[in-house]
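Some notes on the structure that comes next.
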Amino acid sequence: MTPVHFSFSSAFMLGLMGLAFHRTHLLSALLCLEGMMLSLFIALALWAMQFESTMFSAAPMLLLAFSACEASAGLALLVATARTHGTDRLQNLNLLQC
């Protein structure tokens, strides 16, 4: 395993572990998701550069566009949650209560 591969897989695993074990605030969960998406973007971009193929060159940009959409939807949910509930703590959110 190369050091570059190890660093991107460890960054992805740190984001996944942060999402799984440290879910106190919605903002921290969104930041873990964003870190996972950025590590996937960099790994996919380096993979496309390593093969020197133009066929895979659009895949990182597509992933980055989906990541931006995910981030904007997450921030909209964060603002809506903070306005309705007054906090972004995930323990206070009840999905059955409107």
Side-chain angles (χ1 to χ4, degrees):
M1 180 182 298
T2 64
V4 173
H5 184 264
F6 176 73
S7 65
F8 292 125
S9 24
S10 64
F12 183 81
M13 290 306 292
L14 280 174
L16 187 64
M17 287 182 355
L19 186 64
F21 298 125
H22 189 65
R23 294 185 307 199
T24 56
H25 294 282
L26 182 59
L27 184 62
S28 64
L30 290 175
L31 284 174
C32 289
L33 279 174
E34 195 65 30
M36 289 169 55
M37 289 298 285
L38 286 177
S39 67
L40 282 177
F41 167 71
I42 295 172
L44 192 59
L46 287 177
W47 181 67
M49 285 176 39
Q50 182 181 9
F51 284 129
E52 297 175 357
S53 174
T54 59
M55 188 171 66
F56 297 119
S57 63
M61 286 297 139
L62 187 65
L63 182 70
L64 192 61
F66 282 132
S67 176
C69 292
E70 175 258 334
S72 65
L75 286 177
L77 285 173
L78 178 70
V79 168
T81 302
R83 284 185 181 173
T84 58
H85 292 85
T87 184
D88 70 332
R89 290 184 60 86
L90 291 177
Q91 293 175 352
N92 294 343
L93 300 178
N94 187 2
L95 294 178
L96 298 176
Q97 179 184 2
C98 292

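The figures here come from the full heavy-atom set of this structure, side chains too, leaving out hydrogens, waters and symmetry mates.
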Looking only at heavy atoms, which two atoms of [X] and [Y] are closest? And how far apart?
{"X": "Ile42", "Y": "Phe8", "result": "CG2-CZ, 2.9 Å"}
{"X": "Cys32", "Y": "Leu19", "result": "SG-N, 3.7 Å"}
{"X": "Pro60", "Y": "Ala45", "result": "CG-CA, 3.7 Å"}
{"X": "Leu75", "Y": "Leu30", "result": "N-CD1, 4.3 Å"}

Just verifying a value: how many Å separate [X] [atom1] and [Y] [atom2], rounded to the nearest 0.5 Å?
{"X": "Ser39", "Y": "Glu34", "atom1": "OG", "atom2": "CD", "result": "10.5 Å"}
{"X": "Thr81", "Y": "Arg89", "atom1": "OG1", "atom2": "CZ", "result": "14.0 Å"}
{"X": "Arg83", "Y": "Leu78", "atom1": "CZ", "atom2": "CG", "result": "11.0 Å"}
{"X": "Phe41", "Y": "Leu46", "atom1": "CZ", "atom2": "CG", "result": "9.5 Å"}
{"X": "His25", "Y": "Leu31", "atom1": "NE2", "atom2": "CG", "result": "11.5 Å"}
{"X": "Cys69", "Y": "Leu64", "atom1": "SG", "atom2": "CG", "result": "10.0 Å"}

**Item:** Phe66: partners by ring pair (Phe, Tyr, Trp, His ring centres under 6.0 Å), with sequence neighbours left out
**Value:**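 In terms of ring pair (Phe, Tyr, Trp, His ring centres under 6.0 Å), with neighbours along the sequence ignored, Phe66 is linked to no residue.
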Shared ILVMFWY cluster between [X] and [Y], side chains joined below 4.5 angstrom?
{"X": "Leu63", "Y": "Phe12", "value": "yes"}
{"X": "Met17", "Y": "Leu90", "value": "no"}
{"X": "Phe21", "Y": "Leu16", "value": "no"}
{"X": "Leu40", "Y": "Phe51", "value": "yes"}
{"X": "Leu27", "Y": "Leu38", "value": "no"}

**Request:** Not counting sequence neighbours, which residues clear side chain to side chain contact (heavy atoms under 4.5 Å, CB included) with Thr2? List them please.
**Result:** Val4, His5
